[in-house]
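Heads up, the thing below is written out as structure tokens.
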Amino acid sequence: HVVLEENQASGSGGAIYLSTGDLEIRNSTFINNATVGAADASSGSGGAIYASNFAEVSRIFILNSTFAGNQTGDSVLFSSGRGGAIYVLDAEGSLLLNIFNSTFYQNRTGDSLYDSVGDGGAIYANTFDGSASVNIYHSTFSENATGLTWDGFPGDGQTIFLRYSSLNMAGTIMGNSTTANGAAGTDCDYFGTVSIRDGGYNYIEDMGECRKHFSRSNEGDPGLASTLSSNGGPTETIALTTNSPAVDKIPTGATAHAINLCGFDFADTDQRGEPRPGNARCDIGAYEIVDENHPFMLPATGFPKDQVT
């Protein structure tokens, strides 16, 4: 459990720069970290974390953690950096980014006086002759944004942007995404050939270019609380409103991509450590509304961090 706050990098990776090997993050907070732009260069990517992989296998594992207010810097002559919170680049290897029970809030890419601006307000996954795979389960993304070019055009994928990469996602909320000028944004965009596997039980406010791949999930307002708060547990989270359409949507024992989504393995608690299910069914996202009168609670059976491929 660590807090990495207000770190800056003149290159990429405001808090962490990973060039090889594995990284495991649990019960931690990354807040207000940034890359800093320069007048004669593009801003570095990955406001909190930058990870690149060359001819190796790397795994990044994130559990019960919060990324808030991280940002790539502005740029004058070139593009601002990509991936407001996390940027992953896979070249001639295999890079796996696993995110479970985590929250991404108000991360953004910087503005640019050039005609190109950074994509991926929260996450940017880039593959160059390799295989970058992003797996997201039971997580909540809210109010992530991309910056603007000199003439007011925003970057793409205010929540996540994929470039020749793959995404597996289930039980996750994406919503309230914006451009830097406050206009509504899209939650998922991509470039090139991508693989997107919809495990279902997602609630996405605007699916963007990824819409045709999310046939098993819901699109619309997920009904999130208006801000990140201390709701118990070691990290701040975003609560669900009581009338949220994400409440009680996942049946006990439901699975996606061989990952349990309700009541077993990592899905026996939410990000705070509160039991799942909190009622007859599990909620979508990182936060579970718990009915204290509901006695149903299953024992933990361990976390399958190497199970996702």
Of all the heavy-atom pairs spanning L240 and A246, show the shortest one and how long it is. CD2-CB, 4.2 Å

Quick one, L89 with Y50, criterion side chain to side chain contact (heavy atoms under 4.5 Å, CB included). Give me CA distance, side-chain angles, the key distance, then yes/no. CA-CA 8 Å; L89 168 64; Y50 176 97; 3.8 Å; yes

Strictly under 6.0 Å, is that where the ring centroids of H138 and Y201 end up? no

With rounding to the nearest 0.5 Å, note down the distance linking CG in N33 to CD in E5. 8.0 Å

Does a donor on one side chain sit under 3.5 Å from an acceptor on the other, for S229 and N231? no

Is T159 reaching over with its side chain to a backbone N or O of C188, donor-acceptor style, under 3.5 angstrom? no

For Y190 and F161, I'd like to know if the aromatic rings sit close, meaning centre-to-centre distance below 6.0 Å. no

Run the ring-ring contact (aromatic ring centres under 6.0 Å, His included) test against Y105 and tell me which residues pass, sequence neighbours left out. none

Taking the inter-plane angle between the rings of F100 and Y137 on a 0 to 90° scale, is it parallel (under 30°), tilted (30 to 60°) or perpendicular (over 60°)? parallel

Decide yes or no on side chain to side chain contact (heavy atoms under 4.5 Å, CB included) for Q271 and E288, but give the supporting numbers first. CA-CA 8 Å; Q271 181 176 339; E288 182 83 8; over 6 Å; no

Taking the six-membered ring of Y87, is the NZ or CZ of R82 close enough (under 6.0 Å from the centre) and on axis enough (within 45°)? no

Find the distance between CD1 (I49) and CG (L4) and round it off to the nearest 0.5 Å. 8.5 Å

For residues 214-227, the salt bridge (charged side-chain N to carboxylate O under 4.0 Å, His left out) pairs (sequence neighbours left out) are R211-E219

